[in-house]
Colleague: 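Structure provided below as C-alpha cells; questions to follow.
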Amino acid sequence: MSPEQYEEICFQIITFAGEARSCFVEALRHAKDADKTKARELLAEGNQHLIEAEKVHMQLIQQEAAGDTVPLRMILTHAEDLMMSADTIHVLSEELISLL
C-alpha cells in the first residue's frame, strides 16, 4: 500500500466516523426537544456512516491479517479514536433516546 493510499483510507475513516458522531449528537439534541422521530432518523443515518467507517477500517485489518505491515501513524490513531468515540456515542444515544 502506498503512503497516499494509506492516508486516503485514514481520511475516509475520519470522514465517515466524524459524520456518524455528528448525527448521533444531533439525534440527542432532537430527542431533548422531544422530536423522537427526527432523533431516530439521525441515529439510522449515523449508523450507516459508522458502518462505512468500519468497512474502510477493515481494509487495514485484512491487510495486516495477510501479513502486510500496517504502519501506525498519528493519522491512523486519530481515525481509530474518532471511530471508537462515534461508536460509544452511538450506543449511549440509542439507550438515552429509548428512555423517552
Side-chain angles (χ1 to χ4, degrees):
M1 170 183 308
S2 73
E4 292 81 18
Q5 290 170 316
Y6 176 86
E7 285 186 5
E8 182 180 337
I9 286 172
C10 290
F11 280 118
Q12 286 178 351
I13 295 168
I14 290 166
T15 300
F16 286 127
E19 286 292 323
R21 189 171 71 174
S22 294
C23 286
F24 301 143
V25 170
E26 190 176 345
L28 286 171
R29 289 183 180 133
H30 280 279
K32 184 172 75 173
D33 293 337
D35 189 353
K36 198 170 182 177
T37 301
K38 183 65 175 175
R40 292 225 173 269
E41 288 173 11
L42 286 162
L43 286 175
E45 180 183 342
N47 191 49
Q48 288 306 306
H49 289 300
L50 190 55
I51 287 169
E52 291 303 317
E54 290 167 346
K55 284 180 185 177
V56 176
H57 187 252
M58 185 59 67
Q59 293 174 26
L60 296 176
I61 294 171
Q62 289 172 336
Q63 178 182 336
E64 191 162 275
D68 296 330
T69 301
V70 174
L72 181 59
R73 294 182 37 213
M74 285 302 296
I75 191 167
L76 179 57
T77 302
H78 173 63
E80 290 179 326
D81 180 55
L82 186 57
M83 190 171 68
M84 294 308 298
S85 71
D87 188 47
T88 301
I89 294 169
H90 178 223
V91 171
L92 292 173
S93 297
E94 288 274 356
E95 292 298 318
L96 289 170
I97 290 169
S98 72
L99 294 173
L100 301 176

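Residue numbers run from 1 in the order of the sequence given. In this text the structure is predicted, and so the values were computed from the model without any measurement.
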Colleague: Please report the closest heavy-atom contact between Gln5 and Ser2, naming both atoms and the distance.
Modeller: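 Result for this residue pair: OE1-N, 2.8 Å.
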Colleague: In terms of heavy-atom contacts, does NZ of Lys32 have more than 12 from other residues, nucleotides or ligands at under 6.0 Å?
Modeller: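 No, because the 6.0 Å sphere around NZ of Lys32 holds 12 heavy atoms or fewer from other groups.
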Colleague: Counting heavy atoms not belonging to Met84, are there more than 12 under 6.0 Å from its CE?
Modeller: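 No, not enclosed.
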Colleague: For residues Lys36 and Ile97, report the shortest heavy-atom separation together with the two atoms involved.
Modeller: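 Looks like CE-O, 3.4 Å.
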Colleague: Given side chains that start at C-beta, do those of Ile13 and Glu80 come closer than 4.5 Å, heavy atoms only?
Modeller: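 No, side chains not in contact.
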Colleague: Closer than 4.0 angstrom, basic N to acidic O: yes or no for Arg29 and Glu26?
Modeller: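 Salt bridge absent between Arg29 and Glu26.
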Colleague: Between Lys55 and Met58, is there a side-chain heavy-atom distance shorter than 4.5 Å?
Modeller: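 Sidechains of Lys55 and Met58: no contact.
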Colleague: Side chains of Leu50 and Met83: does their closest heavy-atom pair fall under 4.5 Å?
Modeller: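 Yes, close enough: below the 4.5 Å cut-off.
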Colleague: Are any non-hydrogen side-chain atoms of Tyr6 and Arg73 less than 4.5 angstrom apart?
Modeller: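 Result yes, sub-4.5 Å side-chain heavy-atom pair found.
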Colleague: Could you check if a side-chain atom of Leu42 sits within less than 4.5 angstrom of a side-chain atom of His30, using non-hydrogen atoms only?
Modeller: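 Yes - at least one pair of side-chain heavy atoms lies under 4.5 Å apart.
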Colleague: Contact between Ile51 and Phe16 at the side-chain level, heavy atoms closer than 4.5 Å - yes or no?
Modeller: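 Contact flag for Ile51/Phe16 side chains = no.
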Colleague: Which heavy atom of Ala86 sits nearest to which heavy atom of Ala17, and what is that distance?
Modeller: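 In terms of heavy atoms, the two residues are closest at CB-O, 3.6 Å.
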Colleague: When clusters are formed by joining ILVMFWY residues with side-chain heavy atoms under 4.5 Å apart, either directly or through shared neighbours, do Leu100 and Leu28 land in the same one?
Modeller: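 In one cluster: no.
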Colleague: Quick check: do Asn47 and Glu94 have side-chain heavy atoms less than 4.5 Å from each other?
Modeller: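 Heavy-atom side-chain distance check fails, nothing below 4.5 Å.
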Colleague: First locate atom CG of Asp87, then atom CG of Leu92, and finally report the distance between them rounded to the nearest 0.5 Å.
Modeller: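 So the gap between those two atoms works out to 9.5 Å.
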Colleague: How long is the span from the CD1 atom in Ile14 to the CD atom in Glu7, to the nearest 0.5 Å?
Modeller: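 So the gap between those two atoms works out to 10.0 Å.
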